[in-house]
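Contents: one structure, followed by commentary.
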Amino acid sequence: MGVSTHGHLLLALDAGTTGARAMLVDPAGAVLGVDKRPIASRFPGPGLVEQDPAEVWMICRAVIDGALAAAGRSIADIAAIGVTTQRASIVLWDRATGEPVAPMLVWSDLRGMDEYKRLRAAGFTGWPQVPSAKLPGAIALSGRDPNDLQWGTLDSWLIYKLSGAHVTDASAAWLTGYYDYANGAGWDAALLAHQRLPASMFPAQVDSWGAIAESDPAVLGARVPITALIADQEAAMVAHGALGRGDWKATYGTSGVLMAGTGDVPETIHNSMPAEALAFAGGKPRFCVEGMVITTGSMIEWLCGGLGLFASPPAMEAAAASVADAGKVVVRPSLAGMGAPHGKFEARGLIAGLSFADGPGQVARAALQGIAFRFREIADVMAAALPVPEVLPVAGGLSASDTLMQLQADALQRPVRRHAVREASAYGAALAAGMGAGLFGEGDLKRLARYDAEFLPKVGRDEADAVFARWRDAVAV
């Protein structure tokens with residue numbers, strides 16, 4: 001399967017938790033067109049989060065057309081497609097008809113808690129959110145015989161709809177709980193036997209970039225090579241050219257993630273940061289670790305919408321920028337628990353230290369500072385364990401906040417460098433597709449990563465450490 005001769009552009013499809021976007025990129029890294037549409041979640045009960053797989057596919061199909069239209073191009077101009085998605089959601093479909101047979105259980109859905117405890121008792125590792133804790137429940141929900149079904153994470157479902165191929169890559173497979181960690185490939189036969197699941201339900205594991213599949217002309221109107229399949233946070237690493245040991249990046253999205261490469265071996269640097277697959281390609285495995293700040297962009301949305309303190313995120317940004325400091329106000333952005341390095345999922349958010357002298361500006365600034373300090377907590381662990389560079393490259397929607405980026409540089413006492421393409425997951429998927437199609441190599445990634453701003457610390461280390469220590473003490477409840 002060679003590069004299609006008719007086109008030279010790269011098309012990325014990026015399906016996240018709250019929205020899908022498609023992005024058209026040329027081989028020089030210029031973004032020619034983007035289209036984005038929201039994806040609705042349903043919450044049928046406490047801890048339950050579902051989406052409609054057919055609806056998600058229709059939205060993804062629509063953004064592809066939208067991005068092509070925005071760029072004034074057609075599918076004939078596309079050389080290769082890269083797909084990236086949020087991780088660890090479950091889609092079940094009928095093997096014969098290809099129709100979904102149950103709602104998609106979104107990664108954050110917690111209905112697997114009991115199964116997770118049973119798996120732990122039986123000697124299998126896992127987490128409540130991963131598919132191994134939820135797939136038996138999803139099959140029960142469908143009321144169908146597992147032998148008649150196929151399943152996959154969202155990446156698998158989208159590739160299946162695009163091409164008919166039933167595949168996934170290591171970056172997604174690793175986080176399912178079903179990966180055969182001992183052998184470094186394939187699925188855990190003992191776990192499948194324990195849950196009485198047929199291997200025929202499971203997707204084949206393919207490279208993160210390379211010859212993966214071809215689009216069905218009946219779906220996209222042309223046969224286009226699909227040459228990248230990689231999870232969203234890992235795709236963002238590609239966008240920064242951060243594939244080596246110690247390379248790192250921060251993404252400020254709905255949640256925030258600080259991720260660092262550990263090279264060609266899996267490495268757990270902290271009990272809240274287990275080893276993950278970064279990308280497997282060209283016979284070369286790469287691994288990473290990540291720390292999550294669960295409430296990041298969603299903290300801003302809540303302060304604006306849920307609490308109604310600010311009319312909009314830009315209004316909140318203006319309020320935060322209008323004051324020199326947060327006074328004694330501290331915010332712990334943990335509305336849905338605290339991720340790394342705490343692992344306290346029962347923790348809740350906190351606003352403290354208020355006085356009559358404080359107004360919306362102090363609260364806004366303290367919220368952004370709280371996010372920056374949560375990232376520092378993770379960065380301190382990573383920097384102690386890995387040879388991280390001096391500069392932290394960043395992207396994601398909330399990286400547009402100059403105030404947050406300055407607070408982050410101050411907190412870390414490091415330069416923070418912002419990617420010119422905020423949607424780094426989509427951009428990384430496009431670049432991975434370019435590598436998979438042979439249009440350029442890994443050595444070109446640093447050249448293709450463009451940055452539009454660098455934030456240098458404006459306070460000294462002593463002051464930064466003192467403010468951080470005061471915050472940590474104030475939120476340690």
Side-chain angles (χ1 to χ4, degrees), residues 14-21 36-60 62-63 85-93 99-117 126-143 151-158 172 175-177 231-233 253-257 292-309 312-313 332-339 343-350 396-398:
D14 173 10
T17 310
T18 57
R21 65 168 59 84
K36 182 183 181 186
R37 303 191 186 192
I39 294 174
S41 290
R42 283 176 276 288
F43 307 93
L48 307 185
V49 190
E50 299 176 356
Q51 292 178 354
D52 177 346
E55 190 181 295
V56 171
W57 161 244
M58 280 172 27
I59 291 166
C60 288
V63 293
T85 67
Q86 45 92 337
R87 303 166 293 171
S89 295
I90 291 176
V91 186
L92 266 179
W93 63 92
E99 293 303 312
V101 296
M104 175 161 79
L105 306 187
V106 178
W107 60 272
S108 53
D109 183 284
L110 288 174
R111 76 187 74 200
M113 195 63 81
D114 290 341
E115 177 68 7
Y116 153 73
K117 288 172 183 167
W127 299 269
Q129 293 94 334
V130 303
S132 59
K134 292 187 283 202
L135 183 57
I139 294 167
L141 203 58
S142 77
W151 93 277
T153 41
L154 181 53
D155 59 302
S156 287
W157 169 240
L158 296 180
L175 292 175
T176 61
D232 55 3
Q233 295 299 331
T254 304
S255 291
V257 170
M292 183 176 271
V293 181
I294 300 168
T295 313
T296 303
S298 51
M299 181 77 193
I300 311 307
E301 297 292 337
W302 176 76
L303 285 167
C304 296
L307 268 193
L309 275 187
S312 64
R332 189 177 72 191
S334 49
L335 300 181
M338 287 178 87
K344 292 182 181 169
F345 297 103
E346 69 293 340
R348 290 297 170 257
L350 187 69
L398 197 55

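Just so you know, residue 1 is the first one in the sequence shown, and it goes up from there.
Separation of atoms OG (S334) and CG (L350) is listed at 7.0 Å; rounding is to 0.5 Å. Within the model, atoms CD of Q86 and CG of D232 stand 7.0 Å from one another, a figure rounded to the nearest 0.5 Å. Put simply, CD on E50 and CD1 on I90 are 11.5 Å apart, with the number rounded to the nearest 0.5 Å. T85 contributes atom OG1, which lies 8.5 Å from atom CG of D14 (distance to the nearest 0.5 angstrom). Interatomic distance, L48 CG to F43 CZ, rounded to the nearest 0.5 Å: 10.5 Å. Considering CG of L141 and CZ of R111, their distance stands at 6.0 Å, rounded to 0.5 Å.
Listed by chain and residue number, nothing satisfies the side-chain hydrogen bond (donor to acceptor under 3.5 Å, both in side chains) test with S255 (two or more places apart in sequence, or in another chain).
Between G16 and I39 the shortest heavy-atom distance is O-CD1, 3.8 Å. When all heavy atoms are compared, the tightest approach of R348 to A336 is NH1-C, 3.7 Å. Pairing each heavy atom of A133 with each of P128, the nearest pair is CB-O, 3.6 Å. Here the shortest heavy-atom pairing between A102 and P53 reads O-CG, 3.7 Å. The shortest heavy-atom contact between P100 and A54 is CG-N, 4.0 Å.
The aromatic ring centres of W157 and W93 sit less than 6.0 Å apart.
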field: D52 vs M104, side-chain contact (heavy atoms from CB on, under 4.5 Å): CA-CA, chis, key distance, verdict
entry: CA-CA 6 Å; D52 177 346; M104 175 161 79; over 6 Å; no
message: Walk me through whether M299 and L335 qualify under side-chain contact (heavy atoms from CB on, under 4.5 Å).
response: CA-CA 7 Å; M299 181 77 193; L335 300 181; 4.0 Å; yes
task: Tell me, with the steps shown, if L135 and W151 meet side-chain contact (heavy atoms from CB on, under 4.5 Å).
output: CA-CA 9 Å; L135 183 57; W151 93 277; 3.7 Å; yes
message: Checking E346 against M338 for the side-chain contact (heavy atoms from CB on, under 4.5 Å) test, could you report, in this order, the C-alpha distance in whole Å, the side-chain angles of both residues, the deciding distance, and whether it holds?
response: CA-CA 8 Å; E346 69 293 340; M338 287 178 87; over 6 Å; no
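A donor and an acceptor atom, one from each side chain of Q51 and S41, are located under 3.5 Å apart.
Of the possible polar contacts, one joining the S142 side chain to the I139 backbone as a donor-acceptor pair under 3.5 Å is found. At distances below 3.5 Å, at least one donor-acceptor pair connects side-chain atoms of K134 with backbone N or O atoms of V106. Within the 3.5 Å criterion, the main-chain N or O of W107 finds a donor-acceptor partner in the side chain of S89. For the pair R87 (side chain) and L154 (backbone), a donor-acceptor distance under 3.5 Å is absent.
Considering only heavy atoms from C-beta on, T153 comes within 4.5 Å of T176 through its side chain. The shortest distance between side-chain heavy atoms of C304 and S312 does not fall below 4.5 Å. Side-chain atoms of R332 and T295, non-hydrogen and from C-beta on, never get closer than 4.5 Å to each other.
Just one residue in the list I294, I300, V293 forms a side-chain contact (heavy atoms from CB on, under 4.5 Å) with T296, and that residue is V293.
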